[in-house]
Structures are given as structure tokens and as C-alpha cells.
Amino acid sequence: MIPFDYERATDVDSAVATVTADPRAAFLAGGTNLVDHMKLGVAAPHLLVDVSRLPLDGVEALPGGGLRIGAAVRNSDLAAHDVVRARYPMLSRALLSGASGQLRNLATTAGNLLQRTRCVYFQDVTTPCNKREPGTGCSALGGYARYHAILGASEHCVAVHPSDMAVAMTALDAVVVVRDTGGERRIPLREFYRLPGDRPDHDTVLRHGDLVTAVELPEPPAGNRSAYRKVRDRASFAFAVVSVAAELTIGDAAITSARVALGGAAHQPWRATRAEEILLGSPPTEDTFTSAAESELAAAQPLPGNEFKVVLTRRVLVSVLRSLAEEARL
């Protein structure tokens, strides 16, 4: 491992100022992603600013409804929180689907959102990777492509975002609270992540020195039903081949609200806006669900070796929507 300096932050403002002033500094919280990449030689910060002991580990109700989740809240604690389980069950399920119990006990809310979008080639420093070293090429093109993107990719990168939590939070219209040297700003999670384009090395819209301090969730629609379903190659400690986070509210004869996000499909958690447009105002039938899924996946561009993901995504999405409709009828 390359030597580095370590500093424990005493407050948010000084942590932000320290990292902003040093282009090779990085924030450290749970470290479940960053430390791995330092060991592999993928990341080499020369200063780590530890923010894990800052008072950012609370979960509190927002005025008028909704929930504010501190950046340092551990994934296990958030999944088990009474309010999350009762009002945001898809988020609890997504968190419990991620990694292993040991990692969930250490990983934080902000760290989960900020884990690198990556593939096996990104983590292998002997292979070309535009995300790791811009301009060197993408080894996944023409390589092992089973887990790679079917939506929103580019010729420069076809990796998919690995977070389960971020998929659920995208469907829940989460807002990320960020502190920089100029103060605080809020970024809707749908605008937080970038598609790769010609700069796949930039995963998010954050600037160097920006510190995520919280995530805010709006109050869910009354009478909604929600679910998170993850399809993976093994039962634990595996990224999604395909995942679906969906929330429906159904009136007397039609869907009155619909929020859907896909995981394992793109460089970012993929908000399925085309599917939502078809669902909203339509009857909760098999034909509606199939039409919504097919509309969302019409733009899919699978790679040789992952064509099955288009069919699998369609089937999982239809199945989740069907289950929510059946639950609403009970």
C-alpha cells in the first residue's frame, strides 16, 4: 500500500476545507469501498480525512413528513429503523440485499451512495480502463460482459452502479444534502449520478471537497405499496444482475402514482420514467405492466454476452408490479 497521512475531522466545515484545499485528499467513513481500492492500487490518496465520528449519524422526521438520514448512519441500523421498515419498506429490503452483514455493520449511507461504479476490469490495474485512467480504453468491450450495462452506456464505459440502496432511494425521490466551502446545497438523487459519456471517471456531479451530510426522503404517498427485488448469481455478497425498486398507489380503477428504478442496468440507478408515464392513470393490469416494461427497455443496447438481461429485466419488472397490484387488492 502507498503511504498516506491520516487526520480525524473535528467538525464538518474543517473537514470540507481540508479536503478542498488538497486535490489528493479524500474523505474516509466506513471505508468499505475506498480501502479496498487503496489495497488494489486503484486509489492512492495521500491524505485521508476521517469523518466517521462527526455527528452525522441521526435519523429524524422532517417537518411536514419525510425523513432525514445522516450520512454516517450505518446500513444495518438504517435497515432496522422502525420508521424505515414501516414507511419505506423497499429501502429496508434494498439495504438487506446489499453486501454481507459484516459490511452492512460498517458501511455508511453516504459511502454506499458514493461507492465507485465499477467492473472487474476497473479493479484490475493490469487492464486498460477509461474510468480508472481516462483515454486508455474499455476492456469490458469485447470482454466479459455478463454484468454490464444495457441502458445509458457509451463507448467509453459499460459498467453498472453497484448500490442496492441507491436504486431504492432513486425510486423514492431522495435528495442528497451536500456541504461545500460555500455552504449547503441539495441535489435530487436523480441528478446526482452521471452517465459515462466521454468522462466515465466522474461518477457523480460532486466537486472535489464536497461532503455528503445527509439524505432526505419525502413523505410516501398515502396507501402506497412498494417492493425491492434483486436477482443475483448467489444468495449473498453479490451485485445485482438485475434489480427493481417500485412503488405503486392504486385507486378504484387506475394507478394514481408510480415510481420505478432499475439496478444492474446502467452506470447510475436508472429511473424508469418511460414506464412510469405508461403506468400513471392506467388500470393495474398485466397488459399495462408489460407495456410499461417494454417501453422502458425499447432503448436497451445489450452487449454480446448480456442480451439475456433485457428479457430478465422485463420479466422482473412485470412480476414486481403484478405483486404490488395484488397486494393492493388485499
Side-chain angles (χ1 to χ4, degrees), residues 12 16 27 56 58-73 75 78 83-84 87-92 94-95 98 108-117 149 151-152 160-180 182-197 199-200 202-221 224 226 228 243-249 256-277 279-280 296:
V12 169
V16 169
F27 295 115
L56 302 172
V59 179
E60 57 187 6
L62 291 170
L67 199 67
R68 182 183 173 96
I69 302 164
V73 175
N75 287 179
L78 186 59
V83 175
V84 174
R87 300 180 63 200
Y88 306 94
M90 82 158 76
L91 176 57
S92 181
L95 285 159
T108 63
T109 298
N112 190 312
L113 293 178
L114 292 171
Q115 61 183 300
R116 293 302 307 271
T117 302
L151 293 165
V160 297
H161 195 273
S163 173
D164 294 289
M165 184 190 79
V167 178
M169 285 189 168
T170 296
L172 291 169
D173 290 322
V175 174
V176 183
V177 183
V178 177
R179 183 75 67 87
D180 60 27
E184 189 174 85
R185 67 186 196 276
R186 284 168 166 75
I187 306 170
L189 193 59
R190 292 174 63 177
E191 302 171 10
F192 185 76
Y193 295 107
R194 297 181 65 257
L195 291 178
R199 290 303 307 269
H202 292 289
D203 291 340
T204 74
V205 299
L206 293 182
R207 302 183 294 261
H208 181 73
D210 286 352
L211 177 65
V212 174
T213 58
V215 177
E216 295 179 347
L217 302 178
E219 186 173 14
N224 78 91
S226 71
Y228 181 78
S243 68
V244 171
E247 180 186 80
L248 293 181
T249 306
T256 58
S257 71
R259 298 190 288 184
V260 181
L262 306 177
H267 201 262
Q268 62 186 25
W270 186 266
R271 186 64 181 259
T273 54
R274 292 183 180 88
E276 291 174 353
E277 289 173 359
L279 292 169
L280 191 60
E296 191 62 48

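Computation of the quantities below employed the complete heavy-atom set of this structure, encompassing side-chain atoms and omitting hydrogens, waters and symmetry-equivalent molecules.
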Chemist: How many angstroms lie between atom CZ of F27 and atom CG of L211, to the nearest 0.5 angstrom?
Modeler: 4.5 Å

Chemist: Where do M90 and A246 come nearest, in terms of heavy atoms and distance?
Modeler: CE-O, 3.4 Å

Chemist: Which heavy atom in A266 sits nearest to a heavy atom in A149, and how many Å separate them?
Modeler: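 Looking at all heavy atoms of both residues, the closest pair is CA-CB, 4.0 Å.
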
Chemist: Side chains of V176 and T204: does their closest heavy-atom pair fall under 4.5 Å?
Modeler: no

Chemist: Name all residues meeting the side chain to side chain donor-acceptor pair (under 3.5 Å) criterion together with D164; count only those two or more places apart in sequence or in a different chain, and write none if there are none.
Modeler: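 Y228, K230.
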
Chemist: Going by side chain to side chain contact (heavy atoms under 4.5 Å, CB included), M169 matches just one of V175, N112, T109. Which one?
Modeler: T109

Chemist: Nearest 0.5 angstrom please: L114 CG to T108 OG1, how far?
Modeler: 8.0 Å

Chemist: If you look at every heavy atom in L217 and A174, which pair is closest and at what distance?
Modeler: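 So the two residues come closest at CD2-CB, 3.5 Å.
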
Chemist: The criterion is side chain to side chain donor-acceptor pair (under 3.5 Å); which residues satisfy it with R207, sequence neighbours excluded?
Modeler: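 Partners of R207 under the side chain to side chain donor-acceptor pair (under 3.5 Å) test: D180.
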
Chemist: With sequence neighbours left out, write down each residue that passes side chain to side chain donor-acceptor pair (under 3.5 Å) with Q268, or none if nothing qualifies.
Modeler: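 Q268: no side chain to side chain donor-acceptor pair (under 3.5 Å) contacts found.
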
Chemist: Does anything in residues 261-270 form a salt bridge (charged side-chain N to carboxylate O under 4.0 Å, His left out)? List the pairs, not counting sequence neighbours.
Modeler: none

Chemist: Going by the rule side-chain contact (heavy atoms from CB on, under 4.5 Å), which residues pair with A214 if we only count those two or more places apart in sequence or in a different chain?
Modeler: R68, V177

Chemist: Mind checking side-chain contact (heavy atoms from CB on, under 4.5 Å) for A166 and listing every partner two or more places apart, or none if nothing turns up?
Modeler: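 Once residues adjacent in sequence are excluded, the partners of A166 under the side-chain contact (heavy atoms from CB on, under 4.5 Å) criterion are L113, H161, S163, Y193, P269.
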
Chemist: Please lay out, stage by stage, how V59 and V83 fare under the test side-chain contact (heavy atoms from CB on, under 4.5 Å).
Modeler: CA-CA 9 Å; V59 179; V83 175; 5.9 Å; no

Chemist: D210: which residues meet the salt bridge (charged side-chain N to carboxylate O under 4.0 Å, His left out) condition with it, sequence neighbours left out?
Modeler: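 Listed in chain order: R185.
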
Chemist: P89 and S226: which non-hydrogen atoms are nearest, and at how many Å?
Modeler: CG-OG, 3.4 Å

Chemist: Who pairs with H202 by side-chain contact (heavy atoms from CB on, under 4.5 Å), at least two apart in sequence or on another chain?
Modeler: R194, R199

Chemist: Among all residues two or more places apart in sequence or in another chain, which pass the salt bridge (charged side-chain N to carboxylate O under 4.0 Å, His left out) test with E219?
Modeler: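 Result, salt bridge (charged side-chain N to carboxylate O under 4.0 Å, His left out) vs E219: R87.
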
Chemist: What distance do L95 atom CG and M165 atom CE have between them, rounded to the nearest 0.5 Å?
Modeler: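 If we round to the nearest 0.5 Å, L95:CG and M165:CE are 6.5 Å apart.
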
Chemist: Are D173 and R271 packed together at the side-chain level, in the sense that at least one heavy-atom pair is separated by less than 4.5 angstrom?
Modeler: yes

Chemist: Could you check whether any side-chain heavy atom of T170 comes within less than 4.5 Å of a side-chain heavy atom of R259, counting everything from C-beta outward?
Modeler: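 No, side chains not in contact.
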
Chemist: Are the side chains of F192 and L206 in touch, meaning some heavy atoms are under 4.5 Å apart?
Modeler: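 Side chain of F192 against side chain of L206, heavy atoms only: contact under 4.5 Å found.
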
Chemist: Once rounded to the nearest 0.5 Å, what's the spacing between atom CG of L248 and atom CG of L280?
Modeler: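 Those atoms lie 10.0 Å apart.
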
Chemist: Taking all atoms of both residues into account, what is the closest heavy-atom pair of P220 and N224, and its distance?
Modeler: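 Answer, listing the atom of P220 first, then N224: CB-ND2, 3.6 Å.
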
Chemist: The criterion is salt bridge (charged side-chain N to carboxylate O under 4.0 Å, His left out); which residues satisfy it with R190, sequence neighbours excluded?
Modeler: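 Residues passing salt bridge (charged side-chain N to carboxylate O under 4.0 Å, His left out) with R190: none at all.
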
Chemist: Just do the side-chain contact (heavy atoms from CB on, under 4.5 Å) check on L262 and V244 with the steps written out, would you?
Modeler: CA-CA 5 Å; L262 306 177; V244 171; 3.8 Å; yes

Chemist: Nearest 0.5 Å, please: how far is CG in L91 from CG in L78?
Modeler: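 Reported to 0.5 Å precision, the distance equals 5.0 Å.
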
Chemist: So, using side chain to side chain donor-acceptor pair (under 3.5 Å) as the criterion, who are the partners of S257 when residues are at least two apart?
Modeler: T249

Chemist: Mind checking the CD-CG spacing from E216 to L172? Nearest 0.5 Å is all I need.
Modeler: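 Rounded to the nearest 0.5 Å, the CD-CG separation comes to 14.0 Å.
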
Chemist: Search all heavy atoms of A258 against all heavy atoms of L279 and return the closest pair with its distance.
Modeler: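 So the minimum-distance heavy-atom pair works out to CB-CB, 3.9 Å.
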
Chemist: Can you name the side-chain contact (heavy atoms from CB on, under 4.5 Å) partners of A275, sequence neighbours left out?
Modeler: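 Residues passing side-chain contact (heavy atoms from CB on, under 4.5 Å) with A275: A272, A292, E296.
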
